There are 2 protein chains.
Amino acid sequence: MRPTIRDVAQHAGVSIATVSRALRDSGSVRKDTRARVLEAAEQLNFTPSRLGRQLAERRHAANGIVFPDLSGPYYAEVVLGYEAVAAERERSVLILSTHGRANAEAMVEDLATRCDGMVVMGRTISDDAVERLVSRGMPVVLLARPPIGDIDSVNADNRTSAVALGRHMLAQGARRVAFVGDPAASPDVQERWSGLQDALAEASAKGEATVDLVSVQGFGEETGAAVARRALESRNRRPLPDAFVCANDELALGLMDTLLAADVAVPDRVLVSGWDDVMAARYAGLTTVRQPMRALGGTAARLLDELVTGARTEPRHELLPTELVTRASTSPHPAQK
Amino acid sequence: MRPTIRDVAQHAGVSIATVSRALRDSGSVRKDTRARVLEAAEQLNFTPSRLGRQLAERRHAANGIVFPDLSGPYYAEVVLGYEAVAAERERSVLILSTHGRANAEAMVEDLATRCDGMVVMGRTISDDAVERLVSRGMPVVLLARPPIGDIDSVNADNRTSAVALGRHMLAQGARRVAFVGDPAASPDVQERWSGLQDALAEASAKGEATVDLVSVQGFGEETGAAVARRALESRNRRPLPDAFVCANDELALGLMDTLLAADVAVPDRVLVSGWDDVMAARYAGLTTVRQPMRALGGTAARLLDELVTGARTEPRHELLPTELVTRASTSPHPAQK
DNA sequence: TTGAAAGCGGTACCAG
DNA sequence: CTGGTACCGCTTTCAA
């Protein structure tokens, strides 16, 4: 059995109150008394029980983060940035990945009972569920998810780069643009799709360009490859687009690979772009949009900490900049050359 | 103030014992009594305090995982695999990334006070620190780290693939082989280096091959690039190796990129291999060794759960298979052609 | 400077 | 089937 504070007290010949004080330098304890207590604690190999302490202090000294999935470099980097800042502030980190589990909300409710505050990322639980947490007094920061009322939020600036990307595609000579992704699956994707449409709106109106949505289920390379295969199969009935703007890099990489394997030249015949700027994008020469993944997580951790410690009460909404990175997959379109 | 079990009891006109039973379907409670309790709990928006419950039950229902770093696809996938299995078994997951922090052991000690068991990965804390945890009764599973006494462990089979890789390099015509990595930095790297030496031992003895260690600090692309630059600069004094066997993919990718930029042909002049089979390796055509990252994490979670629940007491040591994946970066060496 | 005792919010045993 | 009550291990008044 692990020793308790009472064992230490008895061993040192003092009361448990004194042990508690001595162990945390709180209150006043005579020097030699403290020494005796520390000695006893050492001998018994005593570590105070976190549960007892937390129950008495009524706090967890832990923060949670809820995200849809950890696969792929994006979420991992975000969580990394989060953990780094949280650890710096001496708060433990509880992670919960919902990946589409049906009981996600229950799991989040459960998580909420174990921490002093939490970051809720993207498409994990409903707005209602979030508000329920907040109404119960739980500090919450939304990450990669549009603000809900006065709840703090941290987002990457999807729109600006989506517009820039759309213009870039036009400038490279694209006329028939397809967006690959599921806007309903994530608020980020929603913004990218809508930004792209805005960028092409004028050209569309003049009949100089078209922009279509290729809605897909997943986010992985295999999904991208499937989109490419479908497009290739139906190319008699429906010509290939000039440009595929994909919701993330994995989609784009899978798609591009399949096109190349079918001898469809990228970028000579079709332009392709992704989103995130993962490592593979660099090696594949993929045009993409870089977002500050670590900073997203770190900023969320910082905002949450301010909320938990009560250092700040007025809400904040952070928008972190993104950057268009052009590479070989969108070099000038033949029509332009 | 959050309602407590006493509030609910009062509201429902029963004792707290009955509330406790009703809320957890334990013991026997009359149907209508239960209904009344649930109703009261609902009305008060009551959620039992995790702390109170855990203190009484003397368990956390949470597991920890300690890893060196979360950057790069490798650790992220491992943690993902871990979280998936843990969640399935209704255990929360506490993560702690030590990345070389000086107070890593203290952080781990702290983590230990918050969970019922933990997975300790690679080069994070000393063997002594691990044994201290175990001696205090904490269930521990080692991951990507050689066994310590009877402590459970889960490892990828580095040696077999390291030998296969060495033989492959010889078969492709390499004679001067360099291993890039820091064996002291991680047990995995140590095994890869030693397996490679074994594979080349015979050829070495006959004077048909040499194998050198290029010791480096980091694990990233930049480190790999620096190795390439140094090798290129000193090529008058010391000819370039025929093959660079790198401790992981990031090193290999950075190195290969720099070689190519300097017009050193890969694989025609130099062969390059990595380790892990991250996504970028596929797009860069890098020969590498695939390890079951998710399964590593998942297996560790399973073993730990068995320990925590007491379902198993005799120690286990799992060795998961790896697989050599040959790609363009090691296609036949010119000398062979 | 120290100790006694009242919580913190539950669980579980023992009577009734 | 239900209530009373003794913990679980610590923090924190309040007195001495």
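Scope of the values below: all heavy atoms of this structure, side chains included, with no hydrogens, waters or symmetry mates. Proteins come first, then strands; the chains are lettered A, B, ... in the order of their sequence lines, and each starts at number 1. Because the structure is a prediction, the values reported are computed rather than measured.
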Does A:Leu55 reach a base, just sugar-phosphate, or nothing at all? Heavy atoms under 4.0 Å.
base
Is a side-chain N or O of B:Asp69 found less than 3.5 angstrom from the main chain of B:His99, in a donor-acceptor match?
no
Identify, between B:Arg58 and A:Ser26, the residue whose nearest nucleotide on DNA chain D lies closer to the 5' end.
B:Arg58
Give B:Thr4 one of three labels, base, sugar-phosphate or nothing, depending on what nucleic acid heavy atoms sit under 4.0 Å from its own.
sugar-phosphate
Using OP1 and OP2 only, check whether a side-chain N or O of A:Ser15 sits under 4.0 Å from C:dT2.
no
Counting any heavy atom closer than 4.0 Å, what does A:Ser49 reach on the DNA or RNA strands: base, sugar-phosphate only, or nothing?
sugar-phosphate
Salt-bridge present (B:Arg123, B:Asp188; N to O < 4.0 Å)
no
Between D:dT12 atom P and A:Gln54 atom CD, what is the distance in whole Å?
13 Å
What's the CD1-C1' distance between A:Ile5 and D:dC8, to the nearest Å?
13 Å
Phosphate contact (D:dT2 OP1 or OP2) by B:Thr33 side-chain N/O below 4.0 Å
yes
Report yes if a side-chain nitrogen or oxygen of B:Arg2 is closer than 4.0 Å to either non-bridging phosphate oxygen (OP1 or OP2) of C:dG9; otherwise report no.
no
Residues A:Glu105, A:Arg132: salt bridge by 4.0 Å N-O rule
yes
Remember a base hit wins even if backbone is also touched, and classify B:Thr113 as base, sugar-phosphate or nothing at under 4.0 Å, heavy atoms.
nothing
Examine the base of C:dG9 for any acceptor or donor lying under 3.5 Å from a partner atom in the side chain of B:Arg50, and report the outcome as yes or no.
no
Just N and O in the side chain of B:Ser28: are any of them under 4.0 Å from OP1 or OP2 of D:dT2?
no
For the pair made of CZ in B:Arg24 and C1' in C:dA12, what is the distance, rounded to whole Å?
8 Å
Short side-chain N/O contact to D:dC1 OP1/OP2 from B:Arg30, under 4.0 Å
no
Any carboxylate oxygen within less than 4.0 angstrom of a Lys/Arg side-chain nitrogen, looking at B:Arg2 and B:Asp7?
no
Over how many whole Å does the gap from A:Arg21 atom CZ to D:dC10 atom P extend?
15 Å
So that I can tick it off, tell me whether B:Arg136 and B:Glu109 are bridged by a salt bridge, with the cut-off set at under 4.0 angstrom between side-chain N and carboxylate O.
yes
Between A:Thr18 and C:dG3, is there a contact of a side-chain N or O with OP1 or OP2 at under 4.0 Å?
yes
Can you find a donor-acceptor N/O pair under 3.5 angstrom joining the side chain of A:Arg6 to the base of D:dG9?
yes
